[in-house]
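Only this structure's heavy atoms are used, side chains among them; waters, hydrogens and symmetry mates stay out. Position 1 is the first residue of the sequence; numbering continues from there.
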Amino acid sequence: MGLLEFQKLPVNTLVGADWKTFKGITAHQTIDKGYRTKYRLTKAICWLLSRLNGLEASRYRKRLKDLPVNAEPVFILGHWRSGTTFVHNVLAHDKHFGYTTTYQTVFPHLMLWGQPFFKKTMSWLMPDKRPTDNMELNVDLPQEEEFALSNMFPYSYYNFWFLPQNMLEYCDKYLTMEKATAEEKQLFKTTFLKLIKISLWNTKGEQFLSKNPPHTGHIRQILEMFPNAKFIYLVRNPYTVFESTRSFFCNTIQPLKLQHISDEELENNILEVYKRLYRRYEQDKQLIPAGNLIEIKFEDYEKDALAITEKIYKTLSLPGFENAKADIARYLDKKKGYKKNAYKYEDRTIELVEKNWDFALKQWGYERLG
């Protein structure tokens with residue numbers, strides 16, 4: 001158990017942003033009463049740590065900037081709470097993969113310089129379980145890179161964690177990219193490439209393994225960077241996705257936000273974002289070359305994770321399954337006793353899902369409950 005409780009964090013994750021990114025995210029934004037102390041403390045720490053960024057930038061230019069990414073990355077896609085974390089953790093036991101760590105997501109500018117000290121401090125402070133679903137937390141575990149990207153440039157969908165009143169605006173700009181400018185799209189690609197190179201160096205991987213729900217809306221930009229990229233798309237029962245996303249977002253946003261948002265508004269945003277992300281994915285998946293996409297029901301994956309993991313490797317022509325099989329099997333054996341959250345769907349939940357997400361129920365063959 002870490003020294004700090006997640007729900008009582010005195011700062012938010014913007015402490016690890018560079019100063020330009022912090023100012024770009026928060027400029028001209030309203031910081032609501034009740035969150036201003038957290039904002040000021042986060043701002044002060046961010047400013048202090050940003051003084052060290054020159055050392056990091058210099059080492060990146062000398063060591064990594066001009067190195068190629070030799071293997072096309074693998075992207076685990078899907079709406080939040082669709083099982084992407086579990087699949088990410090399984091595949092990360094293949095040692096040829098590299099990934100973004102939890103430490104890197106908070107302090108992406110303290111990787112090539114100062115990491116031992118700051119990682120030890122973070123490990124001492126952070127909780128060892130995710131509060132919403134009891135998943136293990138550790139500074140070295142694989143994590144979704146959007147949290148790192150949100151500290152590296154100001155055009156991330158995850159700005160909504162801090163400024164939730166802008167959630168749908170950020171959705172159109174930085175999740176589906178429909179309203180992003182050419183400059184913003186280019187900066188996304190430049191920043192993401194830098195993150196990948198640092199992640200591979202840090203975890204000593206040969207092929208980058210991404211787990212990042214926002215990338216479900218970034219397929220077009222990813223293919224411009226990596227034309228032969230591989231994609232794993234996960235779907236899950238929409239009733240469960242809604243219940244789990246609502247619980248996860250409503251709880252996780254509390255220690256991060258700098259603005260007030262009601263649970264009702266957040267719920268409506270969740271319903272709308274799902275629809276916009278679904279449409280973006282269905283349009284853009286047609287751009288993925290044949291043999292580079294596999295779509296999986298998470299319920300099927302849970303039933304026989306090892307067999308479907310092998311299927312993923314074969315479908316996407318990924319190397320190394322036989323070498324990684326024993327490590328993956330050991331991890332899966334350890335997870336057999338893990339207790340997931342149980343969901344009992346209220347009548348209102350059933351009504352909301354069937355009114356708003358009926359298209360997903362039909363496409364993936366999930367039984368209507370209403």
What's the shortest heavy-atom distance between [X] and [Y], and which atoms?
X    : Y    : answer
K119 : V139 : CG-CG2, 3.7 Å
P164 : I253 : CB-CD1, 3.7 Å
Q283 : Q286 : O-CG, 3.4 Å

Kindly say whether the aromatic ring centers of [X] and [Y] come within a distance under 6.0 Å.
X    : Y    : answer
Y174 : Y157 : no
Y239 : F242 : no
F97  : F208 : no
Y155 : F188 : no

Are [Y] and [X] connected in a single hydrophobic cluster, I mean Ile/Leu/Val/Met/Phe/Trp/Tyr linked by side-chain heavy atoms less than 4.5 Å apart?
X    : Y    : answer
L77  : M177 : yes
L318 : Y99  : no
F192 : I25  : yes

Other residues, nucleotides, ligands: >12 heavy atoms within 6.0 Å of [X] [atom1]:
X    : atom1 : value
R51  : CZ    : yes
E351 : CD    : no
K275 : NZ    : yes
K65  : NZ    : no
K311 : NZ    : no

Do [X] and [Y] get their side chains close enough for a donor-acceptor pair, meaning under 3.5 Å?
X    : Y    : value
Q29  : Q165 : no
N237 : E367 : no
Y366 : E299 : yes
T21  : D18  : yes

> Does R236 count as lying over the ring of F298, i.e. NZ or CZ under 6.0 Å from the six-ring centre, within 45 degrees of the axis?
Replying inline: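 Pair R236/F298 does not count as cation-pi.
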>> Among residues at least two apart in sequence or on other chains, which ones pass side chain to side chain donor-acceptor pair (under 3.5 Å) with D304?
In response: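 Side chain to side chain donor-acceptor pair (under 3.5 Å) list for D304, sorted by chain: empty.
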Salt bridge [X]-[Y], side-chain N to carboxylate O under 4.0 Å:
X    : Y    : value
K189 : E224 : yes
E56  : R59  : no
D66  : R61  : no

> Under the ring pair (Phe, Tyr, Trp, His ring centres under 6.0 Å) rule, what pairs show up with a residue in residues 23-44, not counting sequence neighbours?
Replying inline: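 Sorted result for residues 23-44: F22-Y39.
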